[in-house]
Each structure stands twice: as structure tokens, then as C-alpha cells.
Amino acid sequence: MLQIQNIRENQESIITALKKRSIDAEPMISKVLELDEKRRSIQTELDATLAESNKLSKEIGMLFKTGKAQEANVLKEKTAGLKEASKKLGEDLNTTADELQQQLYLIPNVPHESVPAGNSEEDNEEIFKEGDIPTLSQGALPHWELAKKYDIIDFELGVKITGAGFPVYKGKGARLQRALIAYFLDKNAEAGYTEMQVPLMVNEDSGYGTGQLPDKEGQMYHVQADDLYLIPTAEVPVTNLHRGDLLAESDFPIKYTGYTPCFRREAGSYGAHVRGLNRLHQFDKVEIVRMEHPNNSYQALDEMVEHVKNILRELKLPYRILRLCGGDLGFTSALTFDFEVFSTAQDRWLEISSVSNFETFQANRLKLRYKDENGKSQLAHTLNGSSLALPRVLAGILENYQTDEGIKIPDVLVPYCGFDTID
RNA sequence: GGAGGAAUGGCAGAGUGGUCGAAUGCGGCAGUCUUGAAAACUGUUGAGGGUCACACCUCCGGGGGUUCGAAUCCCUCUUCCUCCGCCA
């Protein structure tokens with residue numbers, strides 16, 4: 001959520017920047033400013049009314065104390081009108097403030113200056129590419145065929161017990177999953193991220209805090225009996241750990257990592273792109289989250305990008321990094337780098353990590369602030385990234401490491417797996 | 001699930017109708033002393049709205065009510081604690 005004060009002061013530049021998302025924000029912004037003005041004028045009127053009745057109440061108190069009950073009763077009558085007026089104004093204020101809030105929820109984050117304009121993923125900028133694309137033998141298979149051939153992932157079994165998009169990992173497949181999780185967590189811990197185990201269900205406030213609500217209401221599983229949401233990513237519970245906090249500058253940087261399953265309804269997805277592990281309702285992910293001083297957040301973002309690069313280098317997977325264009329940028333993000341692994345057998349790039357700086361957008365909703373050197377409260381910056389999303393890393397490994405003798409396990413994972421080939 | 005108790009500033013903890021945005025202690029910050037630090041002493045220190053700046057307004061878990069006036073009384077929700085039951 002953008003700060004209203006920021007909108008008031010930088011109306012023009014915000015509208016210009018939002019054009020990169022291919023949206024015309026002008027109507028939303030003017031509506032917001034109109035409501036803001038209305039809210040403030042009601043507030044001013046209400047304040048004056050309340051000031052008046054506070055004053056009278058004090059006088060009445062004094063009069064009773066000094067035994068002048070009669071005079072007090074005269075004043076009492078005067079307060080009745082004020083009371084009615086302030087009640088009415090209070091209601092107006094609530095309605096207007098609420099409307100303003102709803103309107104603010106609709107405006108996406110302002111893209112960073114480096115974000116290219118664009119409508120879709122076609123306009124994303126490839127900024128880095130590394131790793132050798134292997135030459136596979138004639139009969140190379142996509143991962144869902146490999147999964148069946150070696151009996152390591154069973155999609156049908158998942159359908160039986162839950163439904164499509166809930167695979168069952170078996171034997172070495174399950175072990176490889178666990179190995180990847182442990183390896184990622186270890187790498188993150190090494191880089192100074194504190195490991196957290198967090199709830200997999202969150203309440204409504206948390207959903208609003210990181211911006212999944214109200215924007216992506218339909219994408220989360222909602223447990224209605226208890227009004228809780230299954231997390232679509234660890235970002236939600238981990239970032240919300242500091243909801244409402246007022247930090248000291250010395251608390252920065254705050255660096256967390258966490259492994260969680262992620263649940264996504266993926267309403268509206270279909271076709272070849274959802275085959276196999278490409279798109280699931282439940283998948284595992286290791287996430288990194290940072291809370292930073294605004295002056296350092298872009299340096300932190302670079303560090304996170306470097307960190308993910310290192311992991312992919314160690315796994316020896318061919319990958320590239322994209323700078324997302326305005327049209328592909330998430331609602332809450334100011335700047336996002338996507339990592340994609342090349343899946344040789346499918347001959348396509350698969351997104352495996354998304355590293356973003358949200359600047360103050362989430363912090364504003366979270367009320368996540370710190371005291372600056374002048375003792376003033378300021379909003380912190382929040383960032384997060386996947387390091388990494390399991391299914392597509394797994395897909396990449398299966399497809400790129402397949403040989404006639406079976407699937408080789410990347411060297412760094414062998415100690416975690418306890419075997420070096422799936423055959 | 002049943003019965004009681006509680007929720008106050010960064011933390012602990014007073015406050016049961018006006019003089020309370022709130023005692024006191026700890027912590028934080030600044031200063032005195034000191035080569036420096038510690039200790040001691042002195043001062044200072046909640047958040048949000050509003051304003052050029054003041055004024056002013058709001059906030060004592062959330063919401064509602066009583067009253068001229070609510071941290072304080074009433075209703076309701078949430079959370080925590082104690083006891084009982086159940087249980088991995």
C-alpha cells in the first residue's frame with residue numbers, strides 16, 4: 001500500500017511510473033486524493049467539536065466540585081448537541097477512512113526506475129545467463145516421464161488421495177526433496193539467514209500485511225470454519241513476524257530463511273504448462289526474507305541475487321536472470337528479478353526463484369517501522385526471494401542430469417542424499 | 001470441551017468515574033564525573049492524525065454502550081494464565 005502522504009506529494013511521478021505497468025492510475029489517484037481531502041476536513045470538524053465538549057466537560061466537573069450544581073446543569077444541556085454532532089461526524093469519518101483504505105488497496109506498488117515498461121513476460125529483460133546447456137542423448141525425456149520411469153513421483157496417487165496438483169514423492173524422489181531442502185537451508189544459514197519454522201496457516205491480518213489480501217483472495221485456500229488461510233509462500237508468515245514492530249536502526253539487517261510447503265489454488269491455470277511439476281497446488285519452497293533500512297535495501301537485493309546465483313552454480317544448472325517489466329511485476333513489488341532454469345528436455349525456461357524489493361509497500365500495511373537518527377518513525381523496507389522453489393529445481397535436475405545409466409545427482413547434493421544416481 | 005482470572009508505554013508494573021497520555025522501576029538517549037569504561041548523579045524518553053509551526057484531536061487488547069465526563073462501569077469478541085477433562 002502506498003503512503004497517502006507520498007501520493008499527495010508525488011502525484012505526477014507516481015502516475016508516470018505506474019504507466020510502466022500499463023495502467024492508467026490517474027482515476028484511482030484522484031479518487032484517493034479526493035477521499036483524503038474529505039477525510040481530513042471531516043477530521044478537522046470532528047476535532048473542533050470534541051475540543052469544545054472536552055472543554056465543557058472540564059468546566060462541569062469544576063462546577064460540581066465547587067457545589068454549583070445548577071450552573072453545571074445548564075452547561076450539561078449544551079453538550080447534548082455537541083454529542084450528537086460528534087457522533088454523526090465520527091460515523092462519516094469511519095466511512096470515509098474506510099473508503100480511502102479500500103481505494104488505496106487497489107493501487108499497486110510504484111516500479112523502481114530501472115524497471116522496463118511492458119505488458120507481458122515478452123518485455124522482460126534478460127540481464128544474465130550462465131551455465132552450460134547439456135547435450136542429451138536421443139531418448140531424453142521430460143521430467144514427468146522420468147518420474148514414472150524411475151518411480152520417484154506419483155501424480156496419480158496424489159489425485160486419488162487429494163486431487164490434481166498434489167504429487168506424492170516416493171523413495172529416492174522423497175529423499176532428493178529432503179536433500180534439497182536441507183541443502184538450501186544450510187546455504188542460507190551460511191549466508192547469515194536465521195532459520196525459522198512458522199505456521200502454515202495465517203489469519204486475515206497477516207494476509208493483508210504482505211498484500212495477498214485483498215488482491216489475491218481467490219488464490220489462497222481459505223479454511224472457512226476458522227477463517228484461516230493456507231500460506232501461498234513462507235513470505236507471508238515470515239514477513240508478518242515483525243508486523244506492527246517499531247525497530248531500532250541497529251536491528252537491521254534482519255535476515256530470515258524458512259522452509260514451508262506452499263499452497264496455491266492456481267485458479268484458471270491449464271494446459272501443457274501445468275504438466276508434471278511445472279505448476280502445483282502444493283509444493284515446497286525455501287524462502288529468504290529481509291527487513292532493511294531504506295538506504296540499504298537495493299544493496300540487500302543485489303546480495304540476494306548473488307546468493308541465489310551461487311546456489312545455482314553449485315548445482316551446475318543452466319539459468320538466466322530476468323529483470324521483470326512493469327506488466328509482469330507483482331502487485332506489491334518495486335523491482336523483481338526472476339531466475340529461470342533451462343529445462344533441456346522440455347526446451348523451455350522454468351521460473352525457480354523470484355527476488356523482490358517491496359520498499360515500503362508491505363511495511364506500510366504491516367506498520368513495520370524503525371526509529372531514525374532523529375527519533376522519527378520511518379517505514380522499513382522488506383524484501384524476499386525464493387532460494388529455492390523445489391519442484392522446478394527438481395524438474396531441472398531430472399531433465400538436465402539424465403543419462404543412459406540413470407539420473408546423476410549433482411555433487412553438492414550427494415552427501416545430503418546418500419546416493420549419487422537414481423536408477 | 002467445562003470453571004475461574006487477566007490484558008496498561010520497549011519491558012516490568014501502579015492506577016476502580018474528572019486533577020490520567022497515565023506513578024514507579026528497568027531499558028534507551030544526552031550530560032556531569034573519568035585517560036576511557038563501569039558505577040553514581042542530573043536531565044530526557046510512547047504512538048498516530050493535524051498544522052508552515054503551534055493549537056487541537058485520537059489511542060490503556062478489538063468493537064459497541066452508559067455518562068456532561070471512561071484506563072476505571074456495562075455488553076461483546078479475541079488472546080493469555082490457572083484448575084478440571086481429553087489427547088499426539
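Model, not experiment: these values are computed from the prediction. Residue numbers begin at 1 in each chain, while the letters A, B, ... track the order of the sequences.
- In this structure the side chain of A:Val110 never reaches within 4.5 angstrom of the side chain of A:Asn10, judged on heavy atoms.
- Between the CG atom of A:Leu89 and the C1' atom of B:U58 there is a distance of 14 Å, given to the nearest Å.
- Here B:G63 presents its C1' atom at 14 Å from CD of A:Glu91, a figure rounded to the nearest Å.
- The environment of CD in A:Glu121 is sparse: at most 12 heavy-atom neighbours from other residues, nucleotides or ligands sit within 6.0 Å.
- Nucleotides B:G48 and B:G4 place their P atoms 40 Å apart, quoted to the nearest Å.
- Inter-residue side-chain proximity for A:Gln212 and A:Val236 is flagged as met; some heavy-atom pair is nearer than 4.5 Å.
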**Pair assignment for RNA chain B - dot-bracket with | for other-strand partners, Watson-Crick or G-U under 3.5 Å** = ((((((((.[[[..)..(.....]]]((((((.......))))))((((......)))).[[[[[..)....]]]]])))))))....
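- Comparing B:U78 with B:G64, their C1' atoms are spaced 15 Å from each other, to the whole Å.
- On the P atoms, B:C80 is 23 Å away from B:U72, given to the nearest whole Å.
- Using C1' as the reference atom, B:U76 and B:U82 are 24 Å apart when rounded to the nearest Å.
- To the nearest angstrom, C1' of B:C59 lies 13 Å from CG of A:Leu50.
- One interatomic measurement links the two molecules: NZ of A:Lys367 to P of B:C59, which rounds to 17 Å at whole-angstrom precision.
- Salt-bridge annotation for A:Glu303 and A:Arg290: present, with a side-chain N of the basic residue lying under 4.0 Å from a carboxylate O of the acidic one.
- B:C54 atom P lies 16 Å from atom CG of A:Asp47, rounded to whole Å.
- Scanning all heavy atoms of the two residues, the minimum distance from A:Ser386 to A:Val308 falls at O-CG2, 3.8 Å.
- When each of A:Leu46 and A:Arg39 is assigned the nucleotide of RNA chain B with its nearest heavy atom, A:Arg39 is the one assigned upstream, toward the 5' end.
- OP1 or OP2 of B:G48 sits under 4.0 Å from a side-chain N or O of A:Arg369.
- An OP1 or OP2 oxygen of B:U51 is reached within less than 4.0 angstrom by a side-chain nitrogen or oxygen of A:Arg40.
- In this structure, OH of A:Tyr370 is placed 17 Å from C1' of B:A47, rounded to the nearest angstrom.
- Around atom CD of A:Glu306, more than 12 heavy atoms belonging to other residues, nucleotides or ligands sit under 6.0 Å away.
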**Worked check of side-chain hydrogen bond (donor to acceptor under 3.5 Å, both in side chains) between A:Tyr229 and A:Gln219** = CA-CA 10 Å; A:Tyr229 294 87; A:Gln219 289 299 329; over 6 Å; no
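- Taking the ring axis of A:Phe331 as reference, the NZ or CZ atom of A:Lys216 does not stay both within 45° of it and closer than 6.0 Å to the ring centre.
- Within a 6.0 Å sphere centred on CD of A:Glu249, heavy atoms belonging to other residues, nucleotides or ligands number more than 12.
- Going from the P atom of B:C29 to that of B:C83 covers 40 Å, rounded to whole Å.
- We find that CD1 of A:Ile42 is positioned 16 Å from C1' of B:U58, with the value rounded to whole Å.
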N/O to N/O distances under 3.5 Å, protein versus nucleotides 8-13 of chain B:
none

**Asked** How does each nucleotide of nucleotides 64-79 of chain B score, in 5' to 3' order, for protein heavy atoms under 4.0 Å: base (B), sugar-phosphate only (S), or none (-)?
**Response** ---BBS----------
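- The P atoms of B:G18 and B:C77 are separated by 29 Å, rounded to the nearest whole Å.
- For B:G13 and B:U8, the C1' atoms lie 9 Å apart once the distance is rounded to whole Å.
- The distance from atom CG of A:Leu322 to atom CZ of A:Phe337, rounded to the nearest 0.5 Å, is 10.5 Å.
- Residue contacts for A:Asn54: at a heavy-atom cut-off of 4.0 Å it reaches the sugar-phosphate backbone alone, with no base atom in range.
- Taking atom C1' on both nucleotides, B:C57 is separated from B:A3 by 43 Å, rounded to a whole Å.
- Note on A:Thr44: nothing from the nucleic acid sits closer than 4.0 angstrom, heavy atoms only.
- Within 6.0 Å of NZ in A:Lys309 there are more than 12 heavy atoms belonging to other residues, nucleotides or ligands.
- Residue A:Glu45 places its CD atom among 12 or fewer non-hydrogen atoms of other residues, nucleotides or ligands, all under 6.0 Å distant.
- Cation-pi contact between A:Lys172 and A:Phe419: present, with separation from the ring centre below 6.0 Å and deviation from the ring axis of at most 45°.
- Computed from coordinates, the A:Glu249 CD to B:G28 P distance equals 17 Å when rounded to whole Å.
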